[in-house]
Amino acid sequence: MGSSVVSSLEKCVLAVCDGRLELIAEVKEEEEESDRREIQIEQECLRILALFEPVASDLRRMATILKVNRDWERIADLALRVARRVRKLSRRFSTIVVPEDLKTLARDVLAQVKATHEALATRDAALARAIIAGDKPIDQFYRRLRRQIKDELARDAEQLDGWLLLLNSARNLERIADHATGIAETVVFLEEGSIIRHSGKPTPPAG
């Protein structure tokens, strides 16, 4: 599922950065497949929990899968939203050019998601912590970009809806990075038994 979602986000970023709007149909197909996979994975986890009553590290593994499963599905959903908004921008507001900083944000978010997939696949807590630390610069870049888009909106209020599409796309990209961070935090939990969500300070290891 993670590999499929990374592929979907790659196509979304190509649509944003290179105008590859023909890829949006594939993004949609992969988003629908992620919905199906999310349900299948959750059902299988619940079956295992009910039948085998796992404890300690096995229970931690099940909790990890359930959390990560939801985050991957949300990333796929947000990737489709971004891709659709870029397509709508192209069709209805052709005079508005996608800002270079939005393209930079899209590429940076994709790099975070790829690294997250690697950290999960290899159970690399050190890489996961680096991903968590990398979320703050993305948040800062997003806030600067948001101000830029709002300034453009004020200068070109006649195309309000077009600038709002870009603003929404930037927000959804930032949310994708948040979900990647959530997965990275779960990798740390899986490997170390520490919950570092929100404060970044670990709780005592579980069992």
Side-chain angles (χ1 to χ4, degrees), residues 1-18 27 30-31 34 38 60-61 63-83 85-86 98-150 166-203 205:
M1 183 174 182
S3 296
S4 175
V5 172
V6 170
S7 172
S8 177
L9 183 59
E10 285 176 327
K11 291 165 186 170
C12 165
V13 172
L14 285 171
V16 171
C17 297
D18 299 335
V27 177
E30 289 171 335
E31 191 274 334
S34 75
E38 183 202 13
R60 196 154 70 227
R61 189 175 296 113
T64 296
I65 293 169
L66 285 168
K67 170 66 170 63
V68 167
N69 185 40
R70 179 59 176 160
D71 280 321
W72 281 132
E73 189 277 333
R74 292 298 299 143
I75 290 173
D77 182 56
L78 291 165
L80 179 58
R81 291 187 191 182
V82 171
R85 279 157 178 74
V86 169
V98 176
E100 287 301 317
D101 280 352
L102 181 62
K103 296 179 182 181
T104 298
L105 178 63
R107 294 187 185 105
D108 289 349
V109 169
L110 175 60
Q112 282 283 90
V113 172
K114 284 183 173 180
T116 298
H117 181 257
E118 180 183 349
L120 180 64
T122 58
R123 296 176 60 157
D124 187 336
L127 176 57
R129 287 183 180 276
I131 292 162
I132 295 164
D135 187 56
K136 185 175 181 180
I138 286 179
D139 287 343
Q140 292 170 339
F141 190 88
Y142 160 69
R143 286 193 289 270
R144 289 199 302 271
L145 175 59
R146 183 178 60 187
R147 287 195 295 269
Q148 291 171 17
I149 294 174
K150 286 183 176 180
L166 286 174
L167 195 61
N168 187 264
S169 296
R171 172 58 179 151
N172 284 333
L173 287 167
E174 189 269 339
R175 289 173 64 197
I176 289 172
D178 286 345
H179 284 289
T181 299
I183 294 173
E185 289 170 346
T186 308
V187 172
V188 174
F189 169 70
L190 175 64
E191 289 305 294
E192 301 176 2
S194 299
I195 299 174
I196 60 173
R197 189 169 60 251
H198 303 314
S199 68
K201 298 177 181 178
T203 61

All salt bridge (charged side-chain N to carboxylate O under 4.0 Å, His left out) counterparts of Arg171, not counting sequence neighbours: Glu174

From Ile75 atom CD1 to Ser8 atom OG, the distance as rounded to the nearest 0.5 Å: 10.0 Å

Heavy-atom pair with the smallest gap, counting every atom of Ala76 and Ser34: CB-OG, 3.4 Å

With sequence neighbours excluded, residues passing side chain to side chain contact (heavy atoms under 4.5 Å, CB included) with Ala125: Glu191, Glu192

Listed partners of Thr104 passing side-chain hydrogen bond (donor to acceptor under 3.5 Å, both in side chains), at least two apart: none

Side chains of Leu78 and His179 in contact at under 4.5 Å (non-hydrogen atoms): yes

Residue pair Asn172 / Asn168, side-chain heavy-atom distance below 4.5 Å: yes

side-chain hydrogen bond (donor to acceptor under 3.5 Å, both in side chains) involving Asp135 - partner list, sequence neighbours excluded: Thr181

Inter-residue atom distance Ile65.CD1 - Thr186.OG1, 0.5 Å rounding: 11.5 Å

Step-by-step side-chain contact (heavy atoms from CB on, under 4.5 Å) determination, Val187 to Asp124: CA-CA 7 Å; Val187 172; Asp124 187 336; 5.8 Å; no

Under-4.0 Å salt bridge between Lys11 and Glu30: yes

Rounded distance [0.5 Å steps], CD1 in Ile183 versus CG in Asn69: 9.5 Å

Pairwise side-chain contact, Glu185 with Lys67, heavy-atom cut-off 4.5 Å (strictly under): no

If you look only at distance, which donor and acceptor atoms sit under 3.5 Å apart when one is on a side chain in residues 137-145 and the other is two or more places apart or in another chain?
none

side-chain contact (heavy atoms from CB on, under 4.5 Å) between Leu190 and Arg61, worked out: CA-CA 6 Å; Leu190 175 64; Arg61 189 175 296 113; 4.3 Å; yes

4.5 Å side-chain heavy-atom contact, Lys103 and Val98: yes

Residues which pass side-chain hydrogen bond (donor to acceptor under 3.5 Å, both in side chains) with Asp178, listed by chain and number, not counting sequence neighbours: none

Results of side-chain hydrogen bond (donor to acceptor under 3.5 Å, both in side chains) for Thr122 - residues two or more places apart only: none

Side-chain atoms of residues 105-114: list all donor-acceptor pairs with protein atoms under 3.5 Å, sequence neighbours left out, distances to 0.1 Å.
from   : atom 1 : to     : atom 2 : distance (Å)
Gln112 : NE2    : Ile131 : O      : 3.1
Lys114 : NZ     : Glu10  : OE2    : 3.0

From Leu102 atom CG to Leu167 atom CG, the distance as rounded to the nearest 0.5 Å: 10.0 Å

Distance in Å, Asp101 CG paired with Arg146 CZ, rounded so as to fall on 0.5 Å steps: 14.5 Å

Residue pair Pro99 / Gln148, side-chain heavy-atom distance below 4.5 Å: no

Gap separating the CG atom of Leu127 from the CZ atom of Arg129, nearest 0.5 angstrom: 12.0 Å

Partners meeting salt bridge (charged side-chain N to carboxylate O under 4.0 Å, His left out) with Glu31 (sequence neighbours left out): none

Contacts of Arg74 that satisfy salt bridge (charged side-chain N to carboxylate O under 4.0 Å, His left out) - sequence neighbours left out: Asp77

Heavy-atom closest contact (Ala119 atom, Ala128 atom, distance): CB-N, 4.1 Å

Heavy-atom check, side chain of Glu38 versus side chain of Trp72, under 4.5 Å: no

Lys150: salt bridge (charged side-chain N to carboxylate O under 4.0 Å, His left out) partners, not counting sequence neighbours: none

